Amino acid sequence: MNGIDLFLLGRTLMKIGEDTLPTEGLGEQPGSVRTVLIVVSDVREHPDSAISEIVTRTGLPQSAVSAAVARLREAGAVSTEPDARDRRRLRVRPAPEISGRVEQVRSASIDAALAKALGTGDPHRVAEVVSLLEELGRHLSPQAVTRLRD
């Protein structure tokens, strides 16, 4: 495997991940699923961040981060409050309690989307690939991205 193969695999895995997320009853949502996931990942790693700090770390446009934060706040995944030092800025942190929507997203199974991507209905093959992905996930957590930036 080379860098191109790895990049393409990453894109495929992102698409499979997006396809597993439950969207029923949400209607049209501002911002992409990827943007929302990038922002929530950053907020979990860096609680009490200002929007501008999230923008700097993620490289996303401020409008995209603001839309993602609004969407995450509506879903009950994050909370916001004015910065005590600069009331014009909002501080974003993970919500103190897990909302029903967050629980629904976290509990969504990847099996159906993975089976579709693999082109198989064989549950043993799907379980084998899920196991391999779990192993990969243990070695390459979201913090790995931070280490790449250092």
Side-chain angles (χ1 to χ4, degrees), residues 1-114 116-118 126 129-150:
M1 176 172 278
N2 61 33
I4 294 170
D5 294 334
L6 185 60
F7 177 82
L8 294 174
L9 174 61
R11 289 194 63 206
T12 301
L13 292 173
M14 280 194 303
K15 180 62 177 147
I16 293 167
E18 288 173 350
D19 287 353
T20 67
L21 299 176
T23 58
E24 54 276 347
L26 292 181
E28 282 296 312
Q29 295 288 314
S32 76
V33 171
R34 288 180 193 167
T35 299
V36 171
L37 292 174
I38 290 167
V39 170
V40 77
S41 175
D42 184 81
V43 170
R44 287 176 68 187
E45 191 171 333
H46 305 280
D48 292 318
S49 291
I51 299 283
S52 61
E53 294 165 340
I54 299 168
V55 167
T56 299
R57 284 191 301 268
T58 63
L60 296 168
Q62 183 163 343
S63 60
V65 171
S66 294
V69 167
R71 196 168 156 187
L72 289 162
R73 189 175 47 235
E74 184 178 310
V78 301
S79 63
T80 60
E81 67 179 43
D83 186 330
R85 290 176 289 169
D86 183 349
R87 308 280 302 156
R88 295 170 295 170
R89 294 181 353 158
L90 284 181
R91 289 283 175 190
V92 184
R93 65 176 52 103
E97 295 182 26
I98 297 174
S99 72
R101 174 68 185 148
V102 171
E103 187 60 42
Q104 179 187 22
V105 169
R106 286 183 180 174
S107 66
S109 171
I110 66 169
D111 292 7
L114 191 55
K116 185 176 178 182
L118 292 170
V126 172
V129 174
V130 167
S131 178
L132 292 168
L133 290 171
E134 288 170 343
E135 177 70 15
L136 183 62
R138 281 191 291 279
H139 293 285
L140 296 175
S141 67
Q143 291 75 26
V145 175
T146 304
R147 289 191 297 271
L148 288 171
R149 291 185 190 134
D150 293 340

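Given the structure is predicted, the values throughout are model-derived calculations rather than measurements. Hydrogens, waters and symmetry mates play no part in the numbers below; they use all other heavy atoms, side chains included.
Applying the side chain to side chain contact (heavy atoms under 4.5 Å, CB included) criterion to Gln62, with sequence neighbours excluded, gives Ile51, Val55, Ser66. Glu134 pairs by the salt bridge (charged side-chain N to carboxylate O under 4.0 Å, His left out) definition with nothing, not counting sequence neighbours. Qualifying side chain to side chain contact (heavy atoms under 4.5 Å, CB included) partners for Ser99, counting only residues two or more places apart in sequence or in other chains: Arg101, Val102. Judged as a side chain to side chain donor-acceptor pair (under 3.5 Å), and not counting sequence neighbours, the contacts of Asp83 are Arg89, Arg91. Not a single side chain to side chain contact (heavy atoms under 4.5 Å, CB included) links Thr56 to another residue, sequence neighbours left out. Remark: Arg88 engages Asp86 in a side chain to side chain contact (heavy atoms under 4.5 Å, CB included) (not counting sequence neighbours). Listed by chain and residue number, Glu135 satisfy the side chain to side chain donor-acceptor pair (under 3.5 Å) test with Arg138 (two or more places apart in sequence, or in another chain). Residues satisfying the salt bridge (charged side-chain N to carboxylate O under 4.0 Å, His left out) criterion with Arg44, sequence neighbours excluded, are absent altogether. Residues forming a side chain to side chain donor-acceptor pair (under 3.5 Å) with Lys15 (at least two apart in sequence, or on another chain): Asp19.
Interatomic distance, Ile38 CD1 to Ile54 CD1, rounded to the nearest 0.5 Å: 12.0 Å. We find the CD-CG distance between Glu81 and Asp48 to be 7.0 Å, quoted to the nearest 0.5 Å. One distance of note links OG of Ser52 with CZ of Arg57; it measures 9.0 Å at 0.5 Å rounding. How far CG of Leu136 is from CG of Leu132: 9.0 Å, rounded to the nearest 0.5 Å. A distance of 8.5 Å separates CG in Leu37 from CG in Leu72, rounded to the nearest 0.5 Å. In this structure, OG on Ser49 lies 12.0 Å from CG on Leu90, to the nearest 0.5 angstrom.
For Glu45 (side chain) and Asp42 (main-chain N/O), no donor-acceptor pair under 3.5 Å exists by modelled atom type.
The environment of CD1 in Ile4 is sparse: at most 12 heavy-atom neighbours from other residues, nucleotides or ligands sit within 6.0 Å.
Pairs passing the salt bridge (Lys or Arg N to Asp or Glu O under 4.0 Å) check and including a residue from residues 103-113, sequence neighbours excluded, do not occur.
Of all heavy-atom pairs between Pro47 and Pro94, the closest is CB-CD, 3.8 Å. In this structure, Ala113 and Thr20 approach most closely via the heavy-atom pair CB-CG2, 3.5 Å.
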Can you check side-chain contact (heavy atoms from CB on, under 4.5 Å) on Leu13 and Leu133, steps first, answer last? CA-CA 10 Å; Leu13 292 173; Leu133 290 171; 3.8 Å; yes
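Considering only heavy atoms from C-beta on, Glu53 stays 4.5 Å or farther from His46 through its side chain.
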